[in-house]
Structures are given as structure tokens and as C-alpha cells.
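Step one of this worksheet: look at the structure below.
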Amino acid sequence: MPDMTPDPLAGRPPEFAVRAPGAPRHQRVVDDEKVRQSELAISLVLRVGVSLAVALALAGLGLTFARHPGYLRLSGSSYHPLTQLGSHFPHTIGQLGHALAIGDGRGLIGLGLLVLIATPVLRVAVAVLTFAYEKDPPMTIVTLFVLAVLVGSFFVGGG
Amino acid sequence: MYVQCGVTPIDFVAVLLVISVFAGVLGSLVGLGGGIVVVPVLTLVFHIDIRLAIGASIVSVIATSSGAAATYVKERMTNLRAGMFLEIATTTGAVSGAYLTTVVPTRALFVLFGVVLSYSAFAVYHKRHATAVLTTSSDRIANYFDLHGSYYDEAEHQEITYKVTGTKVGLAMMYVAGMVSALLGIGSGALKVPAMDLAMHLPMKVSTATSNFMIGVTAAASAGFYFARGQIDPIIAAPVAIGVLGGAMFGARLLGRITNTAVRIIFVGVLVVVAIEMLQRGVL
């Protein structure tokens, strides 16, 4: 299939750069170039995060099946012992380190999942920087607040 | 008759992977996490404990969000400023919800949530053909933070510039959405999309893309907790994460090309299913 995605900037009307009607009170000076760079930076963080997570999860799945050839057989074994509440898999940092050290595929998967979980948090952190780069104090403060609540919630939930 | 008798680990991983691709496509289109597909499949088909299914659902929400948002943000479908601004309410709502888990009767909440979603489904269906966007806004918060935006609509072949209003109502609904997702472990996107589409007048596609962008942050707030408690099983979560990410990246390329009316109708269909699921959990 040919890549039909048009350049998102192509149809942009010329007045985009000038936020005319209902202009904000603090008169945000919009630098199109900077806004675009910020969007691409946030998109890149998400892309790198998910790619890394998928690569680790795939490698971990591959390793798990390679070390347990029985899992690959089309009969004779059941998935059930692997997916019960009591089944053994790493879920603390210490267990994760141990699983990685002994080459357990589930350790790699766990690492990939942590990367996946960290991606949205990192995305908020990058947004704090990009709004500061765009010289937009109100939005910088807003994003900083979100980041603080998010980081705080890890302690609330984990504690 | 239950399928799990002859299901081997490789079958399980392969089937879950395929279903997760579907969940990712659907989730990225309507701005929900894909948990609505993953949870019933895991519990009803594979007879997996609900706690592990919810852990997998959290993974699928983050995967849908980050996978689709990478594309939506690049194509300027997401309203970054409105999304970030509304996250003030979703994150604080999620924290309040975490504190309330012990005092709020969950069953009653499921019923209430089911009723609210049924109403939203009706309201979104009612305005399914609406295409007009606001050209002026007297909302002081939206003007101060400059939450207005524009996107290129591939279905209509033109740049759509829109204004945002109703930020106070939007913030209140987002706070509730964050609280509900912390209390019930699901459903934050189902409230976020109507908040933006109905209350704040964002175009439907922008609403689902922006909801998609936000749900990852709401879910990440509780994901660490689920991981530490051992509710995220790698053999379940790996195929879910991989499949959903693939599906979400595909779905994100689809959204631009379909009309706002089509997105609304798909959303209403999904919402009705979720509402029934909620009512069932509250009543049974």
C-alpha cells in the first residue's frame, strides 16, 4: 500500500501562525517552528518507548519458549499453570534482576513492561521541557503539576 | 466444552496476540484502552483470574495510548494543550480515587457508571451528524491557556480550525473519569471522550485522539502498583502488549480517513457494550 499520509503541514492556512480571534490574554507568541519541534519530540519519545518495550517483550517471549521447548508442543501441555494467580514470575525489582541474571525470558518481558509503563511518565516530563522551550509559562506550570501528581501517585499507590 | 483443556502455551500466546491486535485497532479509534476486549476474553474464554485480567488491561491501555499517540501527535490529530491541561483533573481524580477505594461501595458505582455511560451513548448518538465546529469561544480558561486547535481532516480534505469551550464542565468530568478509573480499574476513556465531544466541543476525532493520549498517563499512575502486587503476568502481558501496540499503530493511521460521524457510531456501539458490562457487574 502506498504511503498516502499527506504532510500534516500542507493544508495549514496561513493565519495559523497568528492566533487572531479571541487572542489569549497573556498574548502567547506562537513560534510554529518550535511547536512543531515539540510535537515531534513528544512523538519520538512515545515511539522509542513502545519500540523498546516491544523488542524486549518479543525477545523475552522467544527466550521463554526456547528454554521450555515443551511450551511449543501442540498438545500435552496447558497454558493454565503459567497464567494463574500463584504462578511464579518476577514482580519486584530484586526478582527482576535475578530473573535477568539467570537468563529467564520472563525477566526480559518484565523489563519491557516497565519500559512501557514508564513511557507516559517520560512523555509528561518531556512536555514540561517543550512548553518551557516554547516560552509558555502557564502550560509549563500545568504540566509540571501533572508530573508531580504522577510521580507522587507512584509513592501513594506503591506505599 | 471449555477451551482451556487442550490449549498449550503457544496456542494461548498466539490466540491472545491476534485478539490483542483487534483490541488495539478498536481502542485507538474510539479513545478507549482496549481493556473492554481483553478483559472479557481473558476471564470468559481463558478462565483467568479477574485480578490478572485487570493487570493485562492496564498494560493494554498504556500500549494503546502510547502506540496510537505517537502517530496522532505527529499528525496533529491530538490537541496536546487541551490534553495536558485536562490531565490536571484526571491525575488528581485518580489519586482521590485511590484513597476512596476502601469506603466506596463498588457495586453501586458499577451501576451508577453503567447508567452514566448509557446516557452518554444516547447523547453522542443524538449528535452523530453534527459537524459544525466553534469559531469563537468566550471561555476564559480556554482562551487564557489557548486550548484551541486545528487538524487536517483526511476524510474532508481540509484543515479544520476549532475553538474550545466548557472547560469547567470538562475538568469536572475528567476528575470523575480519573476517580472512576482508579476505583474500578477501567473505563476512563469512556468518560473522557464525551467530556471533550459533548461538553467542550472538540471535533469527535480530536476527542478520541486526545483521550487516547491521556489514558496512558491515567493508567501509568496505577500500573506500578499492579506490577508490584504481581497482577501483571508476563506470559499474559507480553502478547497483549505486542498485539495491542501493533493494532494501535494501524488504527491510528485509519482514524484520519474515516468521518467524524463514523467514529461517533463506532464509539456509541462500544459504549453500549461497556455500559451493559458495568450494569451486569453491579447487579449480578
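So you know, we letter chains A, B, ... as the sequences are listed, proteins then strands, and number each from 1. Bear in mind the structure is a predicted one, so any value in this text is a computation, not a measurement.
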message: Applying a heavy-atom distance below 4.5 Å, give me the residues of residues 116-125 of chain A that approach chain B, sorted by number.
response: A/L116, A/I117, A/T119, A/P120, A/V121, A/R123, A/V124
- line: With chain B, the option among A/V54, A/L113, A/L56, A/V45 that has the most non-hydrogen atom pairs under 4.5 Å is A/L113
message: Can you list everything that forms a salt bridge (charged side-chain N to carboxylate O under 4.0 Å, His left out) with A/D104? Sequence neighbours excluded, please.
response: A/R106
message: A side-chain contact here means heavy atoms from C-beta on lying under 4.5 Å apart; do A/V146 and B/M84 qualify?
response: no
query: What heavy-atom pair brings B/F227 and A/P90 nearest, and what distance separates the two atoms?
result: CZ-O, 4.2 Å
field: Nearest non-hydrogen partners of A/F89 and B/G230, listed with the distance
entry: CZ-O, 3.2 Å
statement: Given A/L40, A/T143, A/L114, the one with more heavy-atom pairs under 4.5 angstrom with chain B than any other is A/L114
statement: Rounded to the nearest 0.5 Å, the NZ atom of B/K74 sits from the CD1 atom of A/I42 at a distance of 14.0 Å
task: Identify which of B/S65, B/G67, B/A70 forms the greatest number of heavy-atom pairs closer than 4.5 Å to chain A.
output: B/A70
statement: Sorted by chain and number, sequence neighbours left out, ring-ring contact (aromatic ring centres under 6.0 Å, His included) with B/Y151 holds for none
- line: Scanning both residues in full, the closest heavy-atom pair of B/F145 with A/M139 reads CD2-SD, 3.9 Å
message: For A/E39 versus B/L80, what's the shortest heavy-atom pair and its separation?
response: CG-CD1, 3.9 Å
field: Contact leader toward chain B among A/G105, A/A57, A/A53, where contacts are heavy-atom pairs under 4.5 Å
entry: A/A57
query: So which part of B/L42 gets closer than 4.5 Å to some heavy atom of chain A, the side chain, the backbone, both or neither?
result: neither
query: With side chains defined as the heavy atoms from C-beta onward, is the minimum distance between A/V50 and B/M249 less than 4.5 Å?
result: yes
task: Answer yes or no: is there a side-chain heavy-atom contact under 4.5 Å between A/F145 and B/I88?
output: yes
query: Quick one: OG1 on B/T71 to CG on A/L46, what's the gap to the nearest 0.5 Å?
result: 9.5 Å
task: Select one option (side chain, backbone, both, neither) describing which atoms of B/F213 are under 4.5 Å from chain A's heavy atoms.
output: both
- request: Drop me the distance from A/L150's CG to B/E87's CD, to the nearest 0.5 angstrom.
  value: 8.0 Å
message: I need the contact set between residues 59-67 of chain A and chain B: heavy-atom distance under 4.5 Å, sorted by residue number.
response: A/L61, A/T64, A/F65
